[in-house]
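These notes are about the structure you will find just below.
Letters A, B, ... are given to chains in the order of the sequence lines, protein chains preceding strands, and every chain is numbered from 1.
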Protein chains: 2
Amino acid sequence: MEDEVDRLVAAWRRERPDLDVEPLEVLSRVSRLARHLDRARRLAFAEHQLEPWEFDVLTALRRAGTPYQLSPGQLLTQTLVTSGTMTNRIDRLAKKGLVERLPDPSDRRGVLVRLTDEGRDRADQSLAGLLAQERAILAELSRAQRGELAALLRQLTAPFDNIPG
Amino acid sequence: MEDEVDRLVAAWRRERPDLDVEPLEVLSRVSRLARHLDRARRLAFAEHQLEPWEFDVLTALRRAGTPYQLSPGQLLTQTLVTSGTMTNRIDRLAKKGLVERLPDPSDRRGVLVRLTDEGRDRADQSLAGLLAQERAILAELSRAQRGELAALLRQLTAPFDNIPG
DNA sequence: GTCGATTGTCTTGACGTCGAGATAGGTTGG
DNA sequence: CCAACCTATCTCGACGTCAAGACAATCGAC
C-alpha cells in the first residue's frame with residue numbers, strides 16, 4: 001500500500017530530478033510514524049489520566065526497580081529533555097502525589113526522585129495499556145518482520161545512543 | 001551494537017517478567033530515533049538560517065510545483081499540525097518574506113499560500129543540506145537494507161496515512 | 001430559495017519545552 | 001586551605017504548539 005512518503009518522494013523526483021532523495025524513504029517515514037505514534041499514545045494514556053510526558057518519567061523510575069528512585073540527571077538522559085523541563089515535570093508529578101523529592105544522602109547538591117505507591121500503580125497500568133495499543137499497530141507485520149525491523153532500527157539508533165550526541 | 005532500547009527492554013524484562021514487551025523493540029526505537037533526527041536536523045538547518053518547521057512548510061510548497069502554492073488546509077495534512085499552528089507559521093514566514101498570502105479566486109473562504117523567489121531558493125538549498133546529512137546517518141546500512149527498512153516502515157505508516165487518523 | 005450542516009481559516013488562552021544563566025556543593029592541585 | 005573549575009539542579013523569559021471555539025462562505029436537501 002502507498003503512504004504519504006511515497007507521494008512525497010514522487011513529488012521530489014518530479015520537481016528535483018537532479019537530486020537523489022532516497023534517504024527520505026527511510027527517515028521521513030521514521031519522523032512521520034513517530035508523529036502518529038505520539039498522537040495514538042496520547043489517546044491511550046488519556047484512559048489512565050496520564051500525559052505522555054508523565055508516562056515517560058514514571059516508567060523510567062519504575063524500570064529502575066526498588067526503591068524506584070533516580071536523580072533528575074539520570075532522568076534527563078533517559079527521556080532526552082533538558083534540565084529545566086525535568087525540574088518542571090518533577091514539580092508537577094510531585095504535586096499530583098505520583099513522585100516525591102528526597103535529598104541525596106551522598107551528595108548535598110543532588111536530589112533523588114522516588115515513585116510513590118500510587119505512582120507505581122499508575123505506571124504499571126498505563127504500560128499495559130500502551131503495550132496493548134502497540135501490539136495492535138504492529139499486527140501489520142509478522143513476528144519475523146518485527147524482528148528484522150527492530151534490528152535495522154537498532155543499527156541507526158546505536159550511534160546516537162553510544163556516542164553522546 | 002547495543003542501544004538504549006536494548007537496555008530499556010532488559011530493564012522491563014527484569015521488573016515485569018510477566019509482560020511481553022516485544023512491541024517496544026520496534027516502536028520505542030522509532031520514537032527515540034525521531035527525537036535524535038529532530039536534533040540533528042535542527043543543526044543542519046541552522047546553517048541555512050531555517051528552523052525545522054520553516055523547512056517543513058517551504059518544502060511542502062516547493063514540492064507542489066509551479067506556481068508553488070497550496071491552501072493552509074493542504075499544508076495541514078502534509079505537516080501534521082493543527083490549524084492554529086499553521087496560521088501562526090504562515091504569519092511568520094510571510095513576515096520574513098518567504099511566502100505570501102493570496103485570496104483563493106475560487107472560494108472566498110479560502111487562502112492560497114505562495115512561495116516567494118527567496119523562499120524557493122531557501123527551500124532548495126536546505127533540502128540539499130538535509131539530504132547530505134541523512135545520507136551520512138544511513139551509511140550504517142547497505143542499499144538493500146535501506147530498501148527493506150523503508151518497505152517495513154511503509155507497512156506501519158500506510159494505515160495512518162490512508163485511514164484518516 | 002432557504003435553512004442547517006459542513007468546510008476553511010483564524011483567534012485565543014493555557015501549557016510544555018527550551019536555552020541561558022544562577023546558585024550551591026564538590027573536587028583537584030598547589 | 002584556597003582558588004579555580006566542575007557538576008547537579010533550579011529559575012526565568014521567550015517561544016511554538018494545541019484545543020476549542022468564532023466566524024464567514026459554501027453546499028445540499030427539501
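The CZ atom of F45(A) sits 16 Å away from the P atom of dG16(C) (whole-angstrom rounding). At whole-Å resolution of the value, CG in D38(B) and P in dT17(D) are 11 Å apart. Here dG8(C) presents its P atom at 14 Å from CD1 of I90(B), a figure rounded to the nearest Å. Rounded to whole Å, the distance from CG on L102(A) to C1' on dT9(D) is 15 Å. Whole-Å rounding puts the M86(B) CE to dG8(C) C1' distance at 13 Å. Taking atom NZ on K95(B) and atom C1' on dG16(D), their separation rounds to 14 Å, with Å as the unit. D104(B) places its CG atom 10 Å from the C1' atom of dG8(C), with the value rounded to the nearest Å.
Each of dT11(D), dG16(C), dC18(D) was ranked by its minimum atom distance to the side chain of N88(A); first place goes to dG16(C).
The side-chain heavy atoms of E25(A) and R146(B), taken from C-beta on, include no pair separated by under 4.5 Å. L37(B) places a side-chain heavy atom less than 4.5 Å from the side chain of I137(B).
When the side-chain nitrogen and oxygen atoms of R92(A) are compared with OP1 and OP2 of dG16(C), one or more of them lie within a distance under 4.0 Å. OP1 or OP2 of dT17(D) lies within a sub-4.0 Å distance of a side-chain N or O belonging to R89(B). A close approach under 4.0 Å does occur between a side-chain nitrogen or oxygen of T85(B) and OP1 or OP2 of dC18(D).
Taking D56(B) as the reference, nothing meets the salt bridge (charged side-chain N to carboxylate O under 4.0 Å, His left out) condition, with sequence neighbours excluded. Take S83(A) and apply the side-chain hydrogen bond (donor to acceptor under 3.5 Å, both in side chains) test, not counting sequence neighbours, and it matches no residue. Checked against side-chain hydrogen bond (donor to acceptor under 3.5 Å, both in side chains), E148(A) has no partners two or more places apart in sequence or in another chain. Applying the side-chain hydrogen bond (donor to acceptor under 3.5 Å, both in side chains) test to S126(B) and every residue at least two apart in sequence or in another chain returns nothing. In this structure E4(A) satisfies the side-chain contact (heavy atoms from CB on, under 4.5 Å) test together with R7(A), R32(A), D161(B), sequence neighbours excluded. For S142(B), the side-chain contact (heavy atoms from CB on, under 4.5 Å) partners are A144(B), Q145(B), not counting sequence neighbours.
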Query raised in the report: For every nucleotide of nucleotides 20-28 of chain D, 5' to 3': is a protein heavy atom under 4.0 Å from its base (B), only from its sugar-phosphate (S), or from neither (-)?
Result: ----BBS--

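Checking V111(A) against R35(A), the closest nucleotide of DNA chain D that is more toward the 5' end is the one next to V111(A). Nearest-nucleotide positions on DNA chain C for L80(A) and R101(B) put R101(B) closer to the 5' end.
Residue pairs meeting the salt bridge (charged side-chain N to carboxylate O under 4.0 Å, His left out) criterion with at least one partner in residues 74-93 of chain B, sequence neighbours excluded, are D91(B)-R101(B). Residue pairs meeting the ring-ring contact (aromatic ring centres under 6.0 Å, His included) criterion with at least one member in residues 91-128 of chain B: none, sequence neighbours excluded. Among residues at least two apart or in separate chains, ring-ring contact (aromatic ring centres under 6.0 Å, His included) pairs with a member in residues 37-75 of chain A are F45(A)-F55(A).
Of the possible polar contacts, one joining the T116(A) side chain to the G97(A) backbone as a donor-acceptor pair under 3.5 Å is found.
End-to-end axis angle of the helix from dG1(C)-dC30(D) to dG30(C)-dC1(D), using five pairs per end and rounding to 10°, comes to 30°.
Using a 4.0 Å cutoff on non-hydrogen atoms, the parts of residues 50-79 of chain B near DNA chain C are S71(B), P72(B), G73(B), ordered by number.
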